[in-house]
Amino acid sequence: MAKAPKMTLPAADFAPTLEAGKLKAVTSVATGKDSEYMIPVGQLRVLPGFNVRVRETNDYRAHLEGLKQSIRENGFYANKPLAGFIGKEDDEDVIYVTDGHTRLEAVQEINDEDVDGKESVESLPVILKPAGSNIADLTIALVQDNNGRPLTPYEMGIVVKRLAGMTDAEGNALYTKGDIARKLSVTERYIDDLNVLVDAPAKVRTAVLEGSVSSTLAIQELRRNPKKAEERLTKAVEKAKAEGKKKA
């Protein structure tokens with residue numbers, strides 16, 4: 001199997017305490033009505049560790065460049081707003097992006113690359129989440145609100161792991177496997193498959209994330225024989241390359 005790239009994989013045990021901020025943090029910097037606002041790009045924050053996208057892949061980079069080209073040629077589509085949550089960071093009210101991280105990154109790169117100011121995007125449409133939203137609600141929304149580029153099975157598996165690890169004040173699990181399946185609109189069997197994939201050996205995960213092995217094939221081999229899955233998949237990748245194919 002190919003040497004693993006230096007990927008920064010999203011943590012599966014991410015469940016911080018999220019404190020709600022105040023609406024005035026938005027109204028002082030934004031224009032809009034109801035729950036949608038045009039917010040200056042510089043006022044948008046990313047909650048560290050929240051995004052489950054695996055960004056250091058060729059597929060992700062190609063998608064990001066495609067978004068940048070589209071935004072440059074057609075502008076940012078106002079009918080596809082970002083989602084945001086007013087939270088607190090060091091006693092300051094801030095606006096965290098909870099959906100649309102890749103589109104925000106595309107805009108930020110355009111603004112960084114635009115030396116003459118002709119292509120800069122100053123503000124973005126953002127729909128605000130209810131003030132009562134918690135980290136579990138926002139985590140579920142990573143799957144349910146995604147109407148652009150769907151999460152990969154591995155990224156969705158990270159969401160599953162996070163939800164499964166969340167507890168209440170007494171330390172009791174917030175969600176059973178059945179609860180998670182219902183909230184994500186998938187089967188319990190698929191939840192099991194995603195857990196198998198996330199828990200796979202590093203080389204198997206890397207092969208899947210690089211695109212040389214499909215998640216379906218990886219899960220199949222891991223279920224068939226966990227101890228020999230890595231070896232069998234390595235041989236399958238080598239055979240595919242010898243035949244001029246990109247994927248086993």
Side-chain angles (χ1 to χ4, degrees), residues 9-27 29-30 32-39 43-55 79-105 124-188 190-192 194-195 198:
L9 301 183
D13 58 353
F14 180 83
T17 300
L18 195 63
E19 183 180 358
K22 297 180 180 180
L23 184 62
K24 66 179 182 181
V26 174
T27 55
V29 300
K33 61 181 181 178
D34 299 327
S35 62
E36 182 173 340
Y37 296 83
M38 289 297 297
I39 297 178
Q43 297 287 343
L44 297 172
R45 307 284 184 87
V46 174
L47 185 62
F50 177 71
N51 189 9
V52 296
R53 292 287 189 193
V54 180
R55 300 169 63 247
N79 64 331
K80 294 184 178 180
L82 308 180
F85 177 81
I86 307 174
K88 275 193 173 294
E89 187 176 281
D90 298 327
D91 293 325
E92 178 187 0
D93 293 325
V94 300
I95 305 164
Y96 288 121
V97 170
T98 59
D99 178 65
H101 295 88
T102 311
R103 285 174 289 152
L104 174 61
E105 184 176 356
L124 292 174
V126 180
I127 291 180
L128 297 177
K129 293 289 186 180
S133 300
N134 56 37
I135 195 63
D137 298 327
L138 301 180
T139 300
I140 292 168
L142 285 171
V143 176
Q144 298 292 33
D145 288 356
N146 197 319
N147 56 8
R149 176 173 173 258
L151 297 182
T152 66
Y154 181 84
E155 292 163 348
M156 193 166 176
I158 294 296
V159 171
V160 168
K161 286 284 190 181
R162 289 183 179 181
L163 293 174
M166 292 180 181
T167 58
D168 60 20
E170 286 72 40
N172 302 309
L174 284 179
Y175 305 113
T176 65
K177 181 169 64 175
D179 294 333
I180 296 172
R182 285 189 295 275
K183 287 184 176 296
L184 302 186
S185 302
V186 298
T187 65
E188 291 189 30
Y190 190 56
I191 294 293
D192 291 337
L194 296 178
N195 283 325
V198 172

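Numbers here are sequence positions counted from 1.
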**Q** Are any of the side-chain heavy atoms of His101 and Arg55 separated by less than 4.5 Å?
**A**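 With C-beta onward as the side chain, the pair stays apart.
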
**Q** At their closest point, which heavy atom of Ala20 faces which heavy atom of Ala131, and how far apart are they?
**A**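 Closest heavy-atom pair between Ala20 and Ala131: CB-O, 3.6 Å.
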
**Q** Please identify each residue that fulfils salt bridge (Lys or Arg N to Asp or Glu O under 4.0 Å) with Lys183, with sequence neighbours left out.
**A**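 For Lys183 there are no salt bridge (Lys or Arg N to Asp or Glu O under 4.0 Å) partners, ignoring immediate neighbours.
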
**Q** Say you draw a straight line from CG of Leu138 to CG of Asp99; how long is it, rounded to the nearest 0.5 Å?
**A**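 CG of Asp99 is found 10.5 Å from CG of Leu138.
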
**Q** Do any side-chain atoms of residues 81-91 form donor-acceptor pairs under 3.5 angstrom with protein atoms, and if so which ones, sequence neighbours left out?
**A**
unit_1 : atom_1 : unit_2 : atom_2 : d
Lys88  : NZ     : Asp93  : OD1    : 2.9
Glu89  : OE1    : Tyr96  : OH     : 2.9
Glu89  : OE2    : Arg45  : NH1    : 2.8

**Q** Which residues pass the salt bridge (Lys or Arg N to Asp or Glu O under 4.0 Å) test with Asp137, not counting sequence neighbours?
**A**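 Counting only residues at least two positions away or on another chain, Asp137 forms no salt bridge (Lys or Arg N to Asp or Glu O under 4.0 Å).
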
**Q** For the atom pair CE (Met166) and CD1 (Ile140), what is the distance rounded to the nearest 0.5 Å?
**A**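 Answer rounded to 0.5 Å: 7.5 Å.
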
**Q** Counting C-beta onward and ignoring hydrogens, is there a side-chain heavy-atom pair between Ile135 and Phe50 closer than 4.5 Å?
**A**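 Counting from C-beta outward, Ile135 and Phe50 do come under 4.5 Å.
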
**Q** For Asp13, check side-chain contact (heavy atoms from CB on, under 4.5 Å) against everything at least two apart and list the hits.
**A**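 Per chain and number, Asp13 pairs via side-chain contact (heavy atoms from CB on, under 4.5 Å) with Ala11.
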
**Q** When Val198 is tested against each of Ile158, Val160, Leu9 for side-chain contact (heavy atoms from CB on, under 4.5 Å), which residue passes?
**A**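 When side-chain contact (heavy atoms from CB on, under 4.5 Å) is applied between Val198 and each of Ile158, Val160, Leu9, only Ile158 qualifies.
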
**Q** Show every salt bridge (charged side-chain N to carboxylate O under 4.0 Å, His left out) that has at least one partner inside residues 157-170, sequence neighbours left out.
**A**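 For residues 157-170, and leaving out neighbouring residues, the salt bridge (charged side-chain N to carboxylate O under 4.0 Å, His left out) pairs sorted by first residue read Lys161-Asp199.
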
**Q** Please report the interatomic distance OG1(Thr187) to CG(Asp192), rounded to the nearest 0.5 Å.
**A**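 That separation rounds to 8.0 Å.
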
**Q** Search all heavy atoms of Pro48 against all heavy atoms of Phe14 and return the closest pair with its distance.
**A**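 Minimum heavy-atom contact is O-CE1, 3.2 Å.
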
**Q** Could you tell me which residues satisfy side chain to side chain donor-acceptor pair (under 3.5 Å) with Thr167, sequence neighbours excluded, listed by chain and number?
**A**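 With neighbours one apart ignored, the set is empty.
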
**Q** Taking side chain to side chain donor-acceptor pair (under 3.5 Å) as the test, write out the residues that go with Thr152, two or more places apart.
**A**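 Per chain and number, Thr152 pairs via side chain to side chain donor-acceptor pair (under 3.5 Å) with Glu155.
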
**Q** Minimum heavy-atom separation for Thr98 and Leu142, please, with both atom names.
**A**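 Between these two residues, the closest heavy atoms are O-CD2, 3.6 Å.
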
**Q** To the nearest 0.5 Å, what is the distance between CG on Leu128 and CD1 on Ile39?
**A**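 One gets 5.5 Å once the value is rounded to the nearest 0.5 Å.
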
**Q** Taking side chain to side chain donor-acceptor pair (under 3.5 Å) as the definition, give me every residue that meets it alongside Asp179, ordered by chain and number, with sequence neighbours left out.
**A**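 By the side chain to side chain donor-acceptor pair (under 3.5 Å) rule, Asp179 matches Thr176, Arg182.
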
**Q** For the CG atom of Leu194 and the CG atom of Leu184, what is their distance to the nearest 0.5 Å?
**A**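 The CG atom of Leu184 is 8.5 Å from CG of Leu194, to the nearest 0.5 Å.
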
**Q** Could you tell me if the side chain of Ile191 sits less than 4.5 Å from the side chain of Val186, heavy atoms only?
**A**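 Answer yes - side chains close enough.
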
**Q** Excluding sequence neighbours, so at least two apart, what forms side-chain contact (heavy atoms from CB on, under 4.5 Å) with Asn79?
**A**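 Once residues adjacent in sequence are excluded, the partners of Asn79 under the side-chain contact (heavy atoms from CB on, under 4.5 Å) criterion are Tyr77.
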
